[in-house]
There are 2 protein chains.
Amino acid sequence: MPTTLKELAARAKVHPSTVSRVVNQDPSLRIGPTTRARIEALLRETEYRPNGVARGLKLRQTLVLAVVIPDITNPFFGALFRGIEDGAAPRGYQVLLCNTDGSPDRQRAHLHSLIARRVDGVILASSFLKDQAVRWLRHQRIPYALVNRFSDEGLDPFVGSDDVIGARLATQHLISSGHVRIGHLAGQSTVSTGVLRRRGFQMAMVESRLRAEPELQAEAGFVEDGGMRATERLMALQEPPTAVFAVTDMVAVGAYGVARRLGLRVPEDLAIVGYNDIPLAGRLIPGLTTVHVPIHEFGSAAARLVLEQIDSGQVTPKRVVYAPQLVIRGSTASGAEVLNAVNVASRGIGE
Amino acid sequence: MPTTLKELAARAKVHPSTVSRVVNQDPSLRIGPTTRARIEALLRETEYRPNGVARGLKLRQTLVLAVVIPDITNPFFGALFRGIEDGAAPRGYQVLLCNTDGSPDRQRAHLHSLIARRVDGVILASSFLKDQAVRWLRHQRIPYALVNRFSDEGLDPFVGSDDVIGARLATQHLISSGHVRIGHLAGQSTVSTGVLRRRGFQMAMVESRLRAEPELQAEAGFVEDGGMRATERLMALQEPPTAVFAVTDMVAVGAYGVARRLGLRVPEDLAIVGYNDIPLAGRLIPGLTTVHVPIHEFGSAAARLVLEQIDSGQVTPKRVVYAPQLVIRGSTASGAEVLNAVNVASRGIGE
DNA sequence: TACGATAGGGCAATCGTTTGTTCACGACAA
DNA sequence: TTGTCGTGAACAAACGATTGCCCTATCGTA
């Protein structure tokens, strides 16, 4: 029942196209001052809003971006979403949010709906290394970007950080703190972040002539409960690690829980390093040493990347990569050490 | 460039309407078996997906629900969103997420866009007591529901819990633990939850012949930093409280932070109770005693409420109210006490 | 006076579907 | 042979906007 252009036109005794031109301030055609005034009064009176669906059909744009993530409940994705929204809003875009819970099927189902809806762009933060869905997205010629995780299946528009370097940084920090027996709470090997962070871990170990023993690398997934189970396995070893590098902060949170349950002090009995630097990391007691990445900027950069493609009409496999930075907190050092710690993080670089 | 009905029709040498009828399995008109087979083959071959925008224009439905909240970064809203999505997905709906950061202006702006987009329904979890936007929503005759917070401006479809009872429960618990000087970290008085939880607090105090002194009630807003500032003010009093009831768990988290900084032990020096029982509450050390409400169900119930209205075509000011339950953890009792604690929570009731 | 320029606004096609109605044709009964 | 009925498919009018093009006054100028 909202007002339509046609109704307004009838009331103003003009043709619908004329009303449309007033609404859109069409520069190509000038409207007489009196008609314009009459129509504008009507517009205000009726609080007319053009039907976005009809507009979308005609103009072939919906002003909607879609975000596909595993779980918005995870603080990482909350921050990411805000970044995306902030990047998209200035251009009048609103954002559709889709949770997959890590299921490729749900991801596919969501993507199908999104394509049918003709969303103007898709931001995918839940991709796998071998992800046919990504290939499919590319094939659809719809503007899209991968965030944080990327896919093997070709070169995609991507925003993220260098996971190998970040993981190496984290592990080096543990090594230089004197740890020798260091464990890794690893992510799934089906996901780029899982593979690359493990690689960074191994690289740091080898570079320091330490052995990255398989038994010290336990798959933990990316969230808390996996972190708990993996930590339990590691601490049940004959010779448990004195430090662990967790693939994400949430996994590290799981490690905190187990350490506490086992009566282990952090960092004295078990040092812990995370990845991502979600807000929660700084609130843990002791604070979690972690690899900082600019989550919010991941989001806004991804939004911009997609908007660029929308503007240019081309899918450009541009990659925006931020340098990770180590943030040292209490989970790897005693209080005094934290105060003296030099932040050895590499500088942040732009694209 | 996606395939259209017309193209398919041309290729199958039939009229577009015939293709449409095959796609939608239109029961009103039977299609000959050979034509049908021909068309179906074509549909599979081209992976045809009807243009949702055109469909939306014709059918006057977008299969989109919108959610308006203050900040998805807040765990409460993360859980709420998942509930909404879970309630909406079975019906083929996807969900647009809008953050307002508590700004009425942004809320209005978002609602305007949403109406223009012709979303099928709106779930508003960021309403104020005096909220013209709510009146406006009602006036638009668009299916909507308020969640958690409600508005004064009339009777709206609503899902939430009884804040007065919940707050009373929380405060009574502190009183029965022997506390006399109890503070309240209050929410804004522009929001129903702020007002009602304060009322519940005062009610419990008065019922126990305790004075709810104004100086012990400090406005904290609903998130962490407000909780910190309010706690600081309270603890700086001549005679600081020995316990506080925080309007939300996030505010309670702020109280934890200040307590720690001031060297106060929880619960010995300062007992703390929160509200909502977000996942974080159980992970704090000590665990946060809080008022549990079924956040996820708030979301799915709200989605159902909106879907009902969409189906019936009417705005029904039905209210779904869940009973809050007290969850006792370490922030109000020593370890032994927690083990012995009787859960005095009221029973959960359905609608 | 006649002609061209210009301003102001109407016309109609189009975007991709849906769906009530009409139409052509063959079968069948009267 | 004519009328009726059923089948299978085409027709066309929406849904609500946008926009290139055309039309008609009116004004200025030669």
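As the structure is a prediction and not an experimental result, all values here were calculated from the model. These values consider heavy atoms only, across backbone and side chains, with no hydrogens, waters or symmetry-generated copies.
Here the straight-line distance linking atom OH of B/Tyr144 with atom CG of B/Leu124 works out to 9.5 Å at 0.5 Å rounding. Here the OG atom belonging to A/Ser300 is positioned 9.0 Å from the CD1 atom belonging to A/Ile84, to the nearest 0.5 angstrom. In this structure, the separation between CG on A/Leu65 and CD on A/Gln94 is 11.0 Å, given to the nearest 0.5 Å.
Residue-level contact check: B/Asp26 touches neither bases nor backbone, having no heavy atom under 4.0 Å from any strand. When heavy atoms are screened at a 4.0 angstrom cut-off, A/Ile31 is found touching the sugar-phosphate backbone but no base atom.
Contact detail for B/Leu307 and B/Tyr93: the closest heavy-atom pair is CD2-CE1, 3.6 Å.
Close to D/dG16, at under 4.0 Å from its OP1 or OP2, lies no side-chain N or O of A/Tyr48. A sub-4.0 Å separation between OP1 or OP2 of D/dT18 and a side-chain N or O of A/Asn24 is present. OP1 or OP2 of D/dC15 sits under 4.0 Å from a side-chain N or O of A/Lys6.
When rounded to the nearest whole Å, the span between CD of B/Gln25 and C1' of C/dT19 equals 16 Å. Atom CG in B/Leu5 sits about 15 Å away from atom C1' in D/dC11, given to the nearest Å. Rounded to whole Å, the distance from CD1 on A/Ile39 to C1' on C/dG8 is 11 Å.
For CD of B/Glu47, the number of neighbouring non-hydrogen atoms (other residues, nucleotides, ligands) closer than 6.0 Å is 12 at most.
Not a single salt bridge (charged side-chain N to carboxylate O under 4.0 Å, His left out) links A/Glu297 to another residue, sequence neighbours left out.
Two end axes, each from the C1' atoms of five base pairs, can be drawn for the helix from C/dT1-D/dA30 to C/dA30-D/dT1; they diverge by 80°, to 10 degrees.
Salt bridge annotation for B/Arg91-B/Asp120: absent, with no cationic side-chain nitrogen under 4.0 angstrom from a carboxylate oxygen. Classification of A/Glu308 and A/Lys318 as a salt-bridged pair holds, one side-chain N sitting under 4.0 Å from a carboxylate O.
The backbone N or O of B/Asn99 sits less than 3.5 Å from a side-chain atom of A/Glu85, completing a donor-acceptor pair.
The salt bridge (Lys or Arg N to Asp or Glu O under 4.0 Å) contacts involving residues 18-44 of chain B comprise B/Arg21-B/Asp26, where partners must be two or more places apart or lie in separate chains. For residues 54-78 of chain A, every residue pair satisfying the salt bridge (Lys or Arg N to Asp or Glu O under 4.0 Å) rule, not counting sequence neighbours, is listed here: A/Asp71-B/Arg82.
At a non-hydrogen distance threshold of 4.0 Å, B/Lys13, B/Val14, B/His15, B/Ser17, B/Thr18, B/Arg21 from residues 7-23 of chain B come into contact with DNA chain D. Listed by residue number, B/Ala54, B/Arg55, B/Lys58, B/Leu59 are the residues of residues 53-65 of chain B with a heavy-atom contact under 4.0 Å to DNA chain C.
Checking D/dT7, D/dG16, C/dT17 against the side-chain heavy atoms of A/Asn51 singles out D/dG16 as nearest. Out of D/dT18, D/dT7, C/dG16, the shortest distance to the side chain of B/Thr4 is found at C/dG16.
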